[in-house]
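What follows is one structure encoded as structure tokens, with my remarks underneath.
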Amino acid sequence: MSESFRNAVLTPIASASGSVKSFVNRLCGDLEPWQIVVYTGGTTFAVLYLKDFLFHDDENLSDRAKRQFFKMVKKIPMVQKKIEEEMGKATSSIAESVNKNVEGEYLHRLPSSGLSSDKLLEELKRYKKMTNNSWKSGMVSGTVYNGDDSLTELMAKTYGMFAWANPLHPDVFPDVRKMEAEVVRMCCSMFNGDKDSCGAVTSGGTESIMLAMLAYRNIARDRGIKIPEIIVPVSAHAAFDKAANYFHMKITHIPLDEHTRKVDLNAMKKAIGRKTSVLVASAPQFPHGIIDPVEDVAKLGQQYGIPVHVDCCLGGFLLPFMDKAGFPIRPFDFRVPGVTSISADTHKYGFAPKGSSVIMYRTKALRLRQFFVQPNWTGGIYASPTFAGSRAGAIVAACWATMVHFGEEGYVDSTKRIISTTRYIASCLKSVNGIFVYGEPLVSVVGLGSKDFNIFRLFDALVEKNWNLNSLQFPSSLHLCVTLLHTQPGVADQFVQDVKDCVQEIMKNPSAECGGAGAIYGMAQSIPDRSLVNEIAGAFLEACYSTQPSHSVTNGVHALPNGDTKTK
């Protein structure tokens with residue numbers, strides 16, 4: 001080693017090191033050994049805690065700060081007491097609401113002797129009477145997308161034929177295995193996938209979305225990213241948040257353009273980082289029925305080498321047929337370079353029974369990452385393509401039967417009727433003074449807002465007229481999701497007229513307070529501590545499983561302590 005290198009580099013380092021050592025010795029000169037250990041450990045703990053708080057990967061700093069603040073505030077005795085009082089009232093109100101249409105006592109035990117088929121059918125009819133059948137006349141937003149009696153009969157017959165089938169055992173049920181493969185292939189063709197495109201049948205849109213996010217998480221983990229990031233518009237379905245929560249991912253919500261209600265592309269681009277594992281676009285999104293700029297999002301994905309998922313759950317059996325129905329739209333599917341996966345619900349506008357959806361991928365390599373395999377189980381090698389192990393083969397068969405029954409012509413016809421009705425309603429409502437239509441709804445959802453009055457007053461007024469709509473938040477709004485039932489003669493005109501009448505009445509006193517369900521929903525938006533909203537929602541879910549009646553009305557069956565049943 002040369003003398004010049006030693007003098008130029010090593011000597012100054014040694015001198016600086018000696019100075020630091022002397023400083024530390026002077027600093028600790030008056031301390032006992034135990035103090036040095038405690039101070040060092042405490043400082044290390046504080047630094048690590050601060051680092052974790054400031055730079056936690058799966059949640060941003062402002063959300064963590066808010067949560068910690070409200071957590072401390074709720075420990076104040078007076079605040080805690082007030083919250084408990086209000087939560088008690090809310091819980092009681094929720095329980096009463098869930099039980100209001102329930103007749104008869106709840107069964108708590110199995111009957112000692114089972115009911116005969118005839119008596120059981122009688123009992124089922126009594127239960128069935130509790131259902132609000134307003135959907136049959138087109139008074140309900142979404143929910144039931146067809147409801148035709150002949151289709152219902154076809155589904156029931158198909159279900160009966162395959163009631164015991166289980167796709168977990170393809171060797172025993174090759175018929176259902178073939179049907180499932182054909183459902184996926186037909187859907188891939190609808191979305192212009194090539195021979196390499198593939199997918200799986202799932203239990204619904206939420207599972208389809210979550211499986212795609214699971215696949216992208218696994219791919220990101222292979223790249224060394226411990227907490228991969230999902231980037232979605234704020235209007236994207238809550239299933240993406242659920243996926244982030246379940247799979248230990250971070251989710252970043254991108255704001256929308258206030259006028260178009262489409263995702264802000266510049267904001268999405270700025271949000272992309274090293275840990276971004278997938279970009280999301282909706283076609284269309286649920287709140288206001290707006291289609292995000294899929295092509296532009298896909299270009300971002302290609303630019304940064306990031307997969308792009310298109311959530312087509314709501315529009316899955318409308319958008320593929322819009323061109324042939326006379327409503328051309330921009331490409332949104334596998335024709336768009338950069339789109340790597342698509343979720344589409346067969347149980348919405350595909351008119352299949354509830355519990356069926358499809359997740360599609362551009363390549364088999366992507367689908368492989370959603371599969372689960374346990375090669376070392378004592379029960380044998382366990383492998384499943386989706387979350388469930390055993391699945392209802394009858395649902396797959398009924399889905400297949402529905403798709404083959406309608407065919408392309410049938411779906412083109414239903415698309416034509418639904419899109420025409422949606423655009424007719426949107427056009428009529430745009431001229432109503434006091435309300436406005438969000439963006440340019442091209443598919444099946446019409447979102448309404450108001451700058452003149454609390455829009456939830458319109459929600460309540462329409463409930464009084466037996467309409468069942470979806471109330472939305474951030475911003476306050478409501479929407480009608482148009483189904484085939486709304487294309488029945490007179491339904492669209494009745495809805496438009498009822499909205500006009502309600503708005504005209506509301507505008508007589510636009511500043512009046514909102515009551516009823518609208519007030520509750522508006523209040524929920526105004527609560528800054530969102531954990532309280534979580535508790536209220538949790539109380540609702542708890543109430544759905546309650547077997548404690550809120551009244552004593554019976555439907556003819558009494559649950560006895562020993563589980564026996566007796567019929568009047």
Side-chain angles (χ1 to χ4, degrees), residues 167-171 173-222 239 243 247 277-281 283 294 298 301-302 305-313 315-317 319-320 331-347 350 352 355-373 381-389 391 393 395-397 399-400 402-404 408:
L168 183 64
H169 304 285
D171 53 335
F173 303 105
D175 44 4
V176 172
R177 186 213 66 78
K178 182 174 184 286
M179 287 179 177
E180 180 169 16
E182 290 174 346
V183 166
V184 171
R185 179 47 50 199
M186 286 189 287
C187 288
C188 285
S189 298
M190 281 168 47
F191 286 86
N192 293 289
D194 60 21
K195 61 181 178 60
D196 293 324
S197 61
C198 58
V201 174
T202 72
S203 63
T206 292
E207 185 180 6
S208 292
I209 287 170
M210 292 181 70
L211 283 169
M213 297 305 103
L214 176 64
Y216 295 130
R217 186 208 69 172
N218 292 339
I219 292 170
R221 290 268 180 93
D222 288 346
F247 305 143
S277 63
V278 58
L279 304 178
V280 173
V294 173
Q302 285 188 300
I306 300 170
V308 172
H309 178 82
V310 177
D311 174 23
C312 207
C313 285
F317 276 70
L319 270 69
F332 59 92
D333 51 19
F334 288 126
R335 290 172 293 175
V336 180
V339 170
T340 53
S341 58
I342 301 172
S343 50
D345 282 358
T346 48
H347 67 192
S356 64
S357 176
V358 174
I359 175 63
M360 293 164 279
Y361 297 96
R362 186 178 286 275
T363 67
K364 292 179 176 62
L366 291 171
R367 181 177 63 177
L368 187 65
R369 303 318 308 274
Q370 82 169 34
F371 295 164
F372 175 81
V373 178
I381 298 173
Y382 179 91
S384 61
T386 59
F387 292 146
R391 291 180 290 143
I395 294 292
V396 174
C399 177
W400 181 91
T402 304
M403 291 175 64
V404 173
E408 185 176 280

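This chain uses plain numbering: 1 for the first residue, then up along the sequence.
Within a 6.0 Å sphere centred on NZ of Lys364, heavy atoms belonging to other residues, nucleotides or ligands number more than 12. In Arg369, the CZ atom is crowded: over 12 heavy atoms of neighbouring residues, nucleotides or ligands sit closer than 6.0 Å.
In this pair, Tyr216 and Tyr361 present their aromatic rings perpendicular. The plane angle is above 60°, beyond the 30 to 60° band.
Looking only at side-chain heavy atoms (C-beta outward), His309 and Ile359 come within less than 4.5 Å of each other. Between Trp400 and Lys178, the closest side-chain pair of non-hydrogen atoms is not below 4.5 Å. Counting heavy atoms from C-beta outward, Ser203 and Arg391 have side chains that stay 4.5 Å or more apart. Residues Tyr382 and Phe372 form a side-chain contact, since some pair of their non-hydrogen atoms from C-beta on lies under 4.5 Å apart. Side-chain contact between Ile209 and Cys313 is present, with at least one heavy-atom pair separated by less than 4.5 Å.
With hydrogens and angles disregarded, a donor-acceptor distance shorter than 3.5 Å links the side chain of Gln370 to the backbone of Pro385. Side chain of Ser357 to main chain of Ala344: a donor-acceptor pair is present (N/O by atom type, distance under 3.5 Å, no hydrogens or angles). No donor-acceptor distance shorter than 3.5 angstrom exists from the side chain of Glu180 to the backbone of Pro167, with no hydrogens or angles considered.
Residues Val310 and Ala283 come closest through the heavy atom pair CG1-CB, 4.0 Å. The two residues Gly199 and Arg367 have their closest heavy-atom pair at O-NH1, 2.8 Å. In terms of heavy-atom proximity, Val294 sits nearest to Ala281 at CG2-CB, 4.2 Å. The minimum heavy-atom distance between Cys312 and Phe332, with the atom names listed, is SG-CE1, 4.2 Å. Taking every heavy atom of both residues into account, Gly204 and Asp345 meet most closely at C-OD1, 3.9 Å. Contact detail for Gly301 and Leu279: the closest heavy-atom pair is N-CD1, 3.8 Å.
How far CZ of Phe191 is from OG of Ser341: 12.0 Å, rounded to the nearest 0.5 Å. The CG atom of Asn218 sits 12.0 Å away from atom CZ of Phe371, with the distance rounded to the nearest 0.5 Å. Rounding to the nearest 0.5 Å places CG of Asp196 at 10.5 Å from SG of Cys188. To the nearest 0.5 angstrom, Met213 atom CE is 7.5 Å from Ser277 atom OG. The CE atom of Met210 sits 10.5 Å away from the CZ atom of Arg217 when rounded to the nearest 0.5 Å. Interatomic distance, CE of Met360 versus CG of Leu366, reported as 13.5 Å (0.5 Å rounding).
Looking at Val184, Val201, Val404, Val396 one by one, the single match for side chain to side chain contact (heavy atoms under 4.5 Å, CB included) with Met179 turns out to be Val396.
Looking only at atom types and distance, the side chain of Ser356 has a donor-acceptor partner in the side chain of Thr346 under 3.5 Å away.
The list of salt bridge (Lys or Arg N to Asp or Glu O under 4.0 Å) pairs with a residue in residues 185-195, not counting sequence neighbours, is empty.
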